[in-house]
Amino acid sequence: MDLKEYEQEKFGIADIIRSAQAVETKDEALQSECRDLLTRLAEDRFNLLVVGRFSRGKSTLMNAILGGDLLPTGTVPLTSVITTVRYGSRKQVVLNFNGRGSRREVPLSQLADYVTQQSNPGNVKDLAYAEIELPVEILRRGFFFVDSPGLGSSIAENTQTTERFLPQADAFVLVTSYESPLSEEEDRILHRVRLTNKRLFVVLNKQDTVSATEREEALAFVTERLQRFSFSETPHIFSLSARQGLQAKVSGDKDQLEESGLGSFEAELLRFLTGGARSIFSPTCMVGPPLFSQTG
Ligand SMILES: Nc1nc2c(ncn2[C@@H]2O[C@H](COP(=O)(O)OP(=O)(O)OP(=O)(O)O)[C@@H](O)[C@H]2O)c(=O)[nH]1
Ligand SMILES: [Mg+2]
């Protein structure tokens, strides 16, 4: 598809969305979804969604890739709001509220007051999403790196928040972990992703908690489960320790980074962002200094 055809296709999709808006004027949820879709079309927005059961280490993995302790993490179900991270020349957080679409800028240090179960249980503060801008090189690829509330905890609102966001994902990182690989909720995500044919990466996190034998067993189990889904392109499984990866990035310990397994995942993600997903990015986003280092 050349650029002209791509633009025409975009206009065609926008027309369909506007028609849906005109027919269902009283359905506020649908109106809001349509507004989001039109914004995404206008921005050429590409959402790489990190998803999985609660406490798998999704936020920790994003922190490891971003190279710092930015997103709140914890031992109890934690993230309660969709949190997008994208490139910006200075660090900032913009909170986007539901309803009339009001926005407020807050310092990064206050992020946890709005996106965690402890400070904003089940998202009672009614945020649509929090948007973080960071001067981190990998984000120059122009994508939105999206953290989501964990699935399957006793906090049903968190599962619902993530499920509502699924149609907006353009590619998925499914984070599962060694203590109980592939839960029922994660199986459901796999089903949904297979139907969309979108790119999927599977991360088997917390490898630091298991022996080599246990690692092999779990990997064999996940590989076999994935084969049953008959994906058109079998997803890669990345065994890693997000916690070790983050520690290694922060302390600059190359051996620990190697041991964490984070590097091969980052390399594959990068290949995808600079190759497979290229058509949706502007060419100026493709160039830039070395990746995965934090600047500013
Ligand atoms: N041992 C070990 N613990 C990890 C690893 N990654 C994350 N954790 C721990 O697992 C817990 C949950 O991590 P989070 O990153 O908050 O998990 P999450 O998936 O974002 O959780 P929710 O936001 O509740 O869905 C924290 O105590 C982390 O320190 C890892 O690689 N190894
Ligand atoms: Mg989290």
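Just so you know, ligand 1 is whichever comes first in the structure, and atom 1 is the first atom listed for that ligand. All of these numbers come straight from a predicted model, not from anything done at the bench. We count residues from 1, following the sequence as given.
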How far is [atom] from its nearest protein heavy atom, and which residue and atom is that?
| atom | result |
| --- | --- |
| atom 29 (O) of ligand 1 | R243 NH2, 3.0 Å |
| atom 17 (O) of ligand 1 | G57 N, 3.1 Å |
| atom 21 (O) of ligand 1 | S55 N, 3.0 Å |
| atom 6 (N) of ligand 1 | N205 ND2, 3.2 Å |
| atom 10 (O) of ligand 1 | K206 NZ, 3.2 Å |
| atom 1 (N) of ligand 1 | D208 OD2, 2.9 Å |

L246 with F145, same ILVMFWY side-chain cluster at under 4.5 Å: no

For ligand 1, which atoms have a heavy atom of [X] less than 4.0 angstrom away?
| X | value |
| --- | --- |
| G150 | 25 (O) |
| T209 | 1 (N) |
| T75 | 27 (O) |
| P77 | 24 (O) |
| G74 | 11 (C), 12 (C), 13 (O), 16 (O), 26 (C), 27 (O) |
| F54 | 24 (O), 25 (O) |

Test item: [X] and [Y] side chains (from C-beta on) under 4.5 Å apart, heavy atoms:
| X | Y | answer |
| --- | --- | --- |
| E214 | Y178 | no |
| E216 | S239 | no |
| K91 | P135 | yes |
| T116 | T79 | no |

Answer yes or no for K125 and Y114: cation-pi contact, defined as NZ/CZ to six-membered ring centre under 6.0 Å and angle to ring axis within 45°. yes

Answer yes when E105 and R90 have at least one side-chain N-carboxylate O distance shorter than 4.0 Å, and no when they do not. yes

Can N123 and E157 be said to form a side chain to side chain donor-acceptor pair (under 3.5 Å), step by step? CA-CA 8 Å; N123 191 20; E157 292 88 347; over 6 Å; no

Is any N or O atom of [X], backbone or side chain, closer than 3.5 Å to an N or O atom of ligand 1?
| X | value |
| --- | --- |
| K58 | yes |
| P72 | no |
| S59 | yes |
| L78 | yes |
| Q207 | no |
| A242 | yes |
| T79 | yes |

Full working for side chain to side chain donor-acceptor pair (under 3.5 Å) between R243 and T73: CA-CA 11 Å; R243 181 185 276 181; T73 62; over 6 Å; no

Using modelled atom types and a 3.5 Å cut-off, is there a donor and acceptor pairing between side-chain atoms of Q207 and backbone atoms of E259? yes

Centroid separation under 6.0 Å, is that true for the rings of F229 and H191? yes

Aromatic ring centroids of Y129 and F165 under 6.0 Å? no

Should the pair F201 and F265 be assigned to parallel (<30°), tilted (30 to 60°) or perpendicular (>60°) ring geometry? perpendicular

Contact region, T60 to ligand 1, non-hydrogen atoms below 4.0 Å, reads both

Short version for N158: what comes under 4.0 Å of ligand 1, heavy atoms counted, is neither

Check step by step if side chain to side chain donor-acceptor pair (under 3.5 Å) holds for Q256 and Q247. CA-CA 8 Å; Q256 192 185 25; Q247 282 165 356; 3.2 Å; yes

Kindly confirm whether the Mg ion (ligand 2) is within less than 2.8 Å of some N/O/S atom in S148? no

Is T60 close enough to the Mg ion (ligand 2) that one of its N, O or S atoms comes in under 2.8 Å? no

